[in-house]
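What follows is a set of notes on a single structure, which appears directly below.
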Amino acid sequence: MSETLQVAVWRGDSNGRYVNYQVPKRDSQTVLDVVTWVQRYADPTLSYRFACRVGMCGSCAMTVNGRPRWTCRTHVAKVASSGRLVIGPLENLPIIKDLAADMQPFFEKWQQAKGRFVASKVRTDPIERIAPDTPARIAADAAIECINCGVCYAACDTVRWNSDYLGPAALNRAWTLINDARDAANADRLSAVAGDSGCHNCHSHQSCQEHCPMSLNPTASIAGLKRQTALAYMRGMIKP
Amino acid sequence: MNVRLYVWQRLTAAVMAPLVLVHLIVIFYATHKGLSAADMLARTHGSLAWALFYGVFVAAIAVHASIGIRTILGEWSRLGARQRDLAVTFFGLLLATLGLRAVAAVVLS
């Protein structure tokens, strides 16, 4: 294997293009290391986003050789055995510059899906005991480790075809709150995810599950939302 | 798609599932027995049961297919929401009209 990586990096906004760089190959090198090398040693004007570098913050997701990935935990050796890397910004989002995608639509949809916790108690109430083995808590726990990286959103075909669709991450968040016994806004939340932009647009392609770096299954969460909203609708509790 | 359309599409699918099965059995039976068109029409003529069976089938298909086409048009065409809904309403009515006309032809002729 050569000691140099051939790296094409997206430069500019949506009208930009890929620019080629040669980057030294290192042991245990991540894709984020490669991007950082380009900025430090080849072109300091390269824009990209990262923070924790240990797979917790969800800031550094990019498109790597055609797939959305968290770049800080993606080893070059696993995705570029030929020594060739093509790195672009996340898809399905506007491009601010280079590798920095505009996450605003992504987080606005979290708000549309009522992804904000609404407390049913105040600080003077006794702390509610949450049994870890109830079906609702098990469902919430299975979906709760989302790091907001946007990989599922970038991988989703339905988002690509229907820009109004709330997307896997926002719906997965809504599902965790609907299963949270402490939350007080579930009627509003079920209505929010049952409209024309909501969970029923999902085709269950499962790209979100395939690409999620945290190995979550948003498709299963969305299926749960479909069941709950359908039942609530047939009982007259919500209107689309 | 919203929850109302989702429920209608699933309910019509549930209605169609056994009807499709019976429809296929009827086709296999008719071809296996070598029934002619005249033989079939003799059995369906004046039959309230066949009228109800295929009448419900046509209604379920018209609703189910229209909702599916609405989704496809929304994702794959440049039609606005209003144009899309008008197009699929027309499509559903067309399916219902053609289907019920065919049902009337085999039951009333």
Side-chain angles (χ1 to χ4, degrees), chain A residues 91-92 109 112-114 153 155-168 170-171 174-175 178 186-205 207-208 219-240, chain B residues 1-24 52-96 99:
Chain A
E91 296 188 8
N92 296 340
K109 288 177 178 178
Q112 288 174 33
K114 306 286 182 190
Y153 191 86
C156 178
D157 293 323
T158 311
V159 171
R160 189 182 311 276
W161 297 327
N162 176 3
S163 58
D164 292 332
Y165 174 48
L166 293 172
L171 293 169
W175 176 244
I178 278 167
N186 276 345
D188 286 348
R189 193 168 291 114
L190 283 175
S191 291
V193 300
D196 270 325
S197 305
C199 59
H200 304 97
N201 291 287
C202 172
H203 293 293
S204 304
H205 289 171
S207 297
C208 50
T219 309
S221 300
I222 294 168
L225 287 177
K226 287 178 179 176
R227 285 193 301 274
Q228 292 234 358
T229 49
L231 285 172
Y233 173 70
M234 288 190 284
R235 289 170 182 159
M237 295 161 60
I238 59 170
K239 292 179 180 176
Chain B
M1 187 188 295
N2 59 43
V3 66
R4 181 175 67 240
L5 296 174
Y6 175 83
V7 167
W8 272 103
Q9 199 176 36
R10 265 53 185 180
L11 285 177
T12 50
V15 168
M16 283 194 296
L19 300 186
V20 167
L21 196 62
V22 172
H23 179 60
L24 291 174
L52 279 175
F53 179 88
Y54 279 108
V56 170
F57 205 163
V58 165
I61 288 170
V63 172
H64 187 88
S66 303
I67 296 171
I69 295 293
R70 180 182 182 273
T71 299
I72 293 169
L73 286 179
E75 293 179 352
W76 289 81
S77 80
R78 295 176 182 272
L79 290 178
R82 184 173 162 76
Q83 290 172 306
R84 175 200 61 193
D85 289 350
L86 280 173
V88 297
T89 302
F90 174 77
F91 178 71
L93 290 173
L94 182 67
L95 280 182

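- Inspection of non-hydrogen atoms places A:Lys226, A:Thr229, A:Ala230 of residues 221-232 of chain A under 4.5 Å from chain B.
- Listed by sequence position, B:Tyr6, B:Val7 are the residues of residues 5-20 of chain B in contact with chain A, using a 4.5 angstrom heavy-atom cutoff.
- For residues 78-95 of chain B, a heavy-atom distance under 4.5 Å to chain A picks out no residue at all.
- Residues meeting the salt bridge (charged side-chain N to carboxylate O under 4.0 Å, His left out) test with A:Asp196, sequence neighbours left out: B:Arg70.
- Nearest approach of B:Glu75 to A:Asn201, heavy atoms of both residues: OE2-O, 4.3 Å.
- Put simply, of A:His203, A:Met234, A:Arg160, A:Lys239, the one with the most heavy-atom pairs under 4.5 Å next to chain B is A:His203.
- Note: B:Met1 CE to A:Cys199 SG = 10.5 Å, rounded to the nearest 0.5 Å.
- Annotation: the span from A:Trp161 atom CH2 to B:Thr71 atom OG1 amounts to 11.5 Å, rounded to 0.5 Å.
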